[in-house]
Colleague: 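Following this message is one structure expressed as structure tokens.
Chain naming here is simple, since letters A, B, ... match the order of the sequence lines and numbering starts at 1 in each. Keep in mind that this is a model prediction, so the values were computed, not measured.
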Amino acid sequence: MTSDSFQPIQGMSDLAVPEIHLWQRLEDTARDLLSRYAFREVRTPILERTDVFERSLGDTTDVVRKEMYSFEDRGGRNLTLRPEGTAGVIRYVAGQGQDAQEARLYYIGPMFRSERPQAGRRRQFHQLGVEAIGAPCPAADAEAIALQAHLLGAWGLDEFRMEVNTRGLPEDRARVADGLRDALKTKRAELCEDCHRRYEENPLRILDCKKTECRDVVAGLPPVTSFMSVEARDYLRDVLQILKRLEIPVTENPRLVRGLDYYVHTVWEVTHVGLGAQDALSGGGRYALTLGNKTVEGVGFAMGLERVIAALTGQGMDPKSLAERPDVWLVSQGASAFDENLVLMQTLRMRGVSCGMDLQGRSMKAQMRAANRADSRYVIIRGEHEMEEGTFQLKNMEDGVQEELDMPDLIQRLTPATDIAWPDSEEKK
RNA sequence: GUGGGUGUAGCUCAGUUGGUUAGAGCGCUAGGUUGUGGUCCUAGAAGUCGCGGGUUCAAGUCCCGUCACUCACCCCA
């Protein structure tokens with residue numbers, strides 16, 4: 001039933017079983033790998049002053065103009081739910097002064113954009129972002145790209161494609177726009193309606209228009225780098241050279257465009273074939289961001305985790321298979337066995353054994369069904385007979401083999417790790 | 001913000017040209033086996049047919065509105 005009162009608000013999802021297993025695995029492997037690359041986590045607030053985003057993303061970008069969740073708080077301050085992660089991290093770094101000149105930081109968390117949801121696009125979505133602050137040189141860019149490729153590989157992603165381009169220096173931006181307008185002047189009539197608008201507003205965008213008529217026109221254009229300074233071209237060349245030596249497979253794409261205003265020099269994007277219209281798993285680049293009287297330079301990328309998960313499940317990864325199974329399910333017949341099992345369950349858990357039992361005192365058949373549903377490896381059965389004898393039935397749920405054991409043997413069987421010390425005073429009450 | 005598609009049990013979906021008490025499969029609960037799951041058989045619980053209005057003797061079915069979901073555009077991860 002789709003009852004409105006049980007539905008999260010538009011474009012926001014509850015992340016729960018079974019997908020949550022995949023989320024947790026992604027986060028675990030990411031944290032592990034990022035620390036191997038000497039990046040440290042930072043958790044900045046989800047809410048920032050609106051101008052933090054306006055100034056860093058550029059107040060002409062769509063993200064700022066029409067996609068932000070902004071509101072006034074009780075003190076009349078203008079606040080915004082973060083639409084991306086870089087701005088907040090830069091705000092943090094800028095406030096740290098000298099100490100953070102060479103910060104290597106990552107974040108994982110929710111971002112908010114008030115767009116119409118579709119496949120691969122939510123209003124609340126999650127990004128893992130990496131920011132290498134300082135070290136404004138090609139090696140830093142190459143390292144970030146290498147890390148990105150490593151991360152995607154560690155997650156088990158197969159068919160992703162990494163494309164690299166440059167935005168050039170800030171002063172190259174106008175030159176590129178002018179150069180493109182000039183080159184397109186005679187062919188304007190052949191462009192689509194949207195691209196007519198883009199010709200004025202942002203000719204760079206024409207380069208990644210999906211319409212065939214525009215693609216034909218774009219194919220005949222000189223590469224954007226030809227409008228840029230020698231410095232910009234050399235920088236890109238160096239980055240690509242290092243990547244080659246690191247054996248990171250990337251494709252140079254002179255038509256790759258990235259939307260946010262803060263990018264300079266290297267930009268890149270990762271796409272995946274199985275994703276539909278929103279096929280970008282990740283985007284990144286070098287940036288220079290000015291906040292207050294301070295400019296922070298860095299290189300980084302952000303990955304859309306929903307999209308990574310969509311790509312992985314599209315590849316056949318089953319979140320259910322990642323669920324942890326309990327070691328033991330305790331089944332009891334009779335009130336005293338039930339009481340003793342409650343105590344045994346607690347003891348087992350204290351010893352590192354994962355276990356569960358039916359707490360409602362239902363029939364044995366129902367308890368066995370529950371054990372099966374929980375996908376438990378073993379079942380411990382205690383009835384009147386076992387209570388009298390002081391024994392336990394241990395049943396292996398995979399092969400159905402069942403044996404009667406006393407407490408020391410039972411403990412032996414359930415604690416594979418020898419370093420778990422079982423007190424021999426483990427008495428039944 | 002714009003356009004298309006879809007809303008019937010927890011899930012996936014049937015539902016004839018409007019015509020009695022709205023169906024199936026899976027799942028769930030219980031029984032067949034009063035001490036044993038996963039297979040099988042039987043029974044049961046579970047639906048304001050998204051919501052509101054209209055047409056009609058009669059609406060899950062037709063009309064209008066609305067909400068939600070979904071896909072795409074713009075743009076972006």
Side-chain angles (χ1 to χ4, degrees), chain A residues 1-13 57 60-68 82-86 109-129 148 192-195 197-198 201-202 205 208-211 257-260 268-272 275-285 300-311 329 331-334 337 358 360 362-387 393-402 404:
Chain A
M1 272 289 7
T2 47
S3 172
D4 291 352
S5 47
F6 300 140
Q7 206 116 45
I9 62 178
Q10 187 177 43
M12 312 209 175
S13 320
L57 307 191
T60 59
T61 55
D62 275 30
V63 171
V64 168
R65 265 179 20 216
K66 48 184 200 190
E67 295 172 5
M68 294 205 301
R82 63 182 184 194
E84 58 93 64
T86 302
M111 306 294 161
F112 304 84
R113 289 182 203 173
S114 178
E115 305 170 273
R116 277 293 270 276
Q118 71 186 79
R121 172 187 286 159
R122 317 252 65 206
R123 289 186 166 181
Q124 175 176 334
F125 59 104
H126 296 76
Q127 285 189 335
L128 185 156
Q148 160 125 68
C192 74
E193 202 179 317
D194 283 327
C195 284
R197 176 176 52 78
R198 292 178 180 129
E201 285 178 11
N202 189 356
R205 280 254 158 257
D208 67 348
C209 182
K210 286 164 192 158
K211 301 236 166 53
V257 179
R258 307 274 319 137
L260 277 18
W268 71 91
E269 195 166 280
V270 185
T271 52
H272 191 273
L275 279 187
Q278 308 304 319
D279 63 351
L281 290 179
S282 175
F301 58 87
M303 326 186 73
L305 295 181
E306 278 82 355
R307 293 183 187 178
V308 171
I309 281 168
W329 199 262
V331 170
S332 47
Q333 174 95 47
D358 182 83
Q360 299 177 77
R362 293 192 297 174
S363 75
M364 211 167 148
K365 186 170 186 159
Q367 294 182 61
M368 290 302 290
R369 263 205 283 264
N372 199 61
R373 198 175 313 132
D375 199 19
S376 181
R377 287 169 223 277
Y378 289 96
V379 165
I380 292 173
I381 303 165
R382 292 169 102 180
E384 279 166 41
H385 168 72
E386 288 76 15
M387 292 306 287
Q393 302 290 336
L394 182 67
K395 180 168 185 172
N396 183 324
M397 291 298 272
E398 248 126 71
D399 55 22
V401 174
Q402 182 171 318
E404 188 163 345

Colleague: Keeping A:R382 on the side-chain end and A:A337 on the backbone end, is there a donor-acceptor pair under 3.5 Å?
Modeller: no

Colleague: Under 4.0 Å, counting only non-hydrogen atoms across every strand here, what does A:A277 touch: a base, just sugar-phosphate, or nothing?
Modeller: sugar-phosphate

Colleague: Check the distance between B:rA77's P and A:E306's CD and give it to me in whole angstrom.
Modeller: 14 Å

Colleague: Reckon A:Q7 has a side-chain N or O less than 4.0 Å from the OP1 or OP2 of B:rC69?
Modeller: no

Colleague: Using a distance-only criterion (donor-acceptor N/O pair, under 3.5 Å, no hydrogens), is the base of B:rC75 paired with the side chain of A:R121?
Modeller: yes

Colleague: Could you work out the separation of B:rC11 and B:rA58 based on their C1' atoms and round it to a whole Å?
Modeller: 33 Å

Colleague: NA contact type, A:Q367, heavy-atom cut-off 4.0 Å: base, sugar-phosphate, or nothing?
Modeller: nothing

Colleague: Taking the same atom, C1', in B:rG60 and in B:rU6, what whole-Å distance lies between them?
Modeller: 15 Å

Colleague: Report yes if at least one side-chain N or O of A:Q118 is closer than 4.0 Å to OP1 or OP2 of B:rU70; otherwise report no.
Modeller: no

Colleague: In this structure, how many angstroms lie between the C1' atom of B:rA68 and the CZ atom of A:R123, rounded?
Modeller: 12 Å

Colleague: Would you mind reading off the distance between A:L394 atom CG and B:rG37 atom P, rounded to a whole angstrom?
Modeller: 17 Å

Colleague: Select base, sugar-phosphate, or nothing to describe what A:E269 touches, counting heavy atoms under 4.0 Å on all strands.
Modeller: nothing

Colleague: Could you give the CZ-to-C1' distance, from A:R113 to B:rC74, as a whole number of Å?
Modeller: 14 Å

Colleague: When all nucleic acid strands are considered with a 4.0 Å heavy-atom cut-off, which category describes A:H126: base, sugar-phosphate, or nothing?
Modeller: nothing

Colleague: Let's see if you can work this out: which of B:rG37, B:rA77, B:rC69 has an atom nearest to the side-chain heavy atoms of A:Q10?
Modeller: B:rC69

Colleague: Set out, in order, the CA-CA distance, both residues' side-chain angles and the distance that settles side-chain hydrogen bond (donor to acceptor under 3.5 Å, both in side chains) for A:Q124 and A:S13, then state yes or no.
Modeller: CA-CA 8 Å; A:Q124 175 176 334; A:S13 320; over 6 Å; no

Colleague: Please state the P separation for the pair B:rG50 and B:rU12 - nearest whole angstrom.
Modeller: 14 Å

Colleague: The criterion is salt bridge (charged side-chain N to carboxylate O under 4.0 Å, His left out); which residues satisfy it with A:R258, sequence neighbours excluded?
Modeller: A:E269

Colleague: Tell me what A:L305 touches on the nucleic acid: a base, only sugar-phosphate, or nothing, going by heavy atoms under 4.0 Å.
Modeller: nothing

Colleague: Suppose we screen for side chain to side chain donor-acceptor pair (under 3.5 Å). Which residues come up paired with A:K365, at least two apart in sequence or across chains?
Modeller: none

Colleague: Distance check, C1' atoms only: B:rG15 and B:rU20, in whole angstrom units.
Modeller: 16 Å

Colleague: Using heavy-atom distances to pick each residue's nearest nucleotide on RNA chain B, tell me which of A:G276 and A:M364 is more 5'.
Modeller: A:M364

Colleague: Remember a base hit wins even if backbone is also touched, and classify A:R258 as base, sugar-phosphate or nothing at under 4.0 Å, heavy atoms.
Modeller: sugar-phosphate

Colleague: If you only use heavy atoms from C-beta on, which nucleotide in B:rG35, B:rG1, B:rA77 is closest to the side chain of A:R307?
Modeller: B:rA77

Colleague: As a test of reading the structure: which of B:rC74, B:rA77, B:rG37 is closest to the side chain of A:N372, going by heavy atoms?
Modeller: B:rG37

Colleague: In whole Å, what separates the C1' atom of B:rA59 from that of B:rU8?
Modeller: 14 Å

Colleague: Between A:K395 and A:D279, name the one whose nearest nucleotide on RNA chain B is closer to the 5' end.
Modeller: A:K395

Colleague: Between B:rC73 and A:Q278, is there an OP1 or OP2 to side-chain N/O distance shorter than 4.0 Å?
Modeller: yes

Colleague: Keeping the roles fixed (side chain from A:R307, backbone from A:A280), state whether a donor-acceptor pair exists under 3.5 Å.
Modeller: yes

Colleague: So, A:W329 and A:Q367: side-chain donor and acceptor under 3.5 Å apart, yes or no?
Modeller: no

Colleague: If the P atom of B:rA22 is compared with that of B:rC26, how far apart are they to the nearest Å?
Modeller: 23 Å

Colleague: For RNA chain B, produce a single dot-bracket line, 5' to 3'. Pairs: Watson-Crick or G-U wobble, both distances under 3.5 Å. Symbols: ( ) within strand, [ ] crossing, | other strand, . unpaired.
Modeller: (((((((..((((.....[...)))).(((((.......))))).....(((((..]....))))))))))))....

Colleague: Between the side chain of A:R82 and the main-chain N/O of A:P110, is any donor-acceptor distance below 3.5 Å?
Modeller: yes

Colleague: Does A:E386 contact B:rG35 through a side-chain donor or acceptor facing the base, at a distance under 3.5 Å?
Modeller: yes

Colleague: Please enumerate all residues that pass side chain to side chain donor-acceptor pair (under 3.5 Å) together with A:R123, with sequence neighbours excluded.
Modeller: A:Q10

Colleague: Write down the distance separating the C1' atoms in B:rU55 and B:rU61, rounded off to the nearest Å.
Modeller: 14 Å

Colleague: Go through the steps for A:Q127 and A:E84 under the test side-chain hydrogen bond (donor to acceptor under 3.5 Å, both in side chains), then give the verdict.
Modeller: CA-CA 8 Å; A:Q127 285 189 335; A:E84 58 93 64; over 6 Å; no

Colleague: Can you check each nucleotide of nucleotides 27-32 of chain B against protein heavy atoms at under 4.0 Å and return B for base, S for sugar-phosphate only, - for none, in 5' to 3' order?
Modeller: -SSS-B

Colleague: Using the test side chain to side chain donor-acceptor pair (under 3.5 Å), find all partners of A:R362 that sit at least two apart in sequence or belong to another chain.
Modeller: A:D358

Colleague: Rounding to an integer number of angstrom, what distance separates B:rG52 and B:rG31 when you compare their C1' atoms?
Modeller: 45 Å

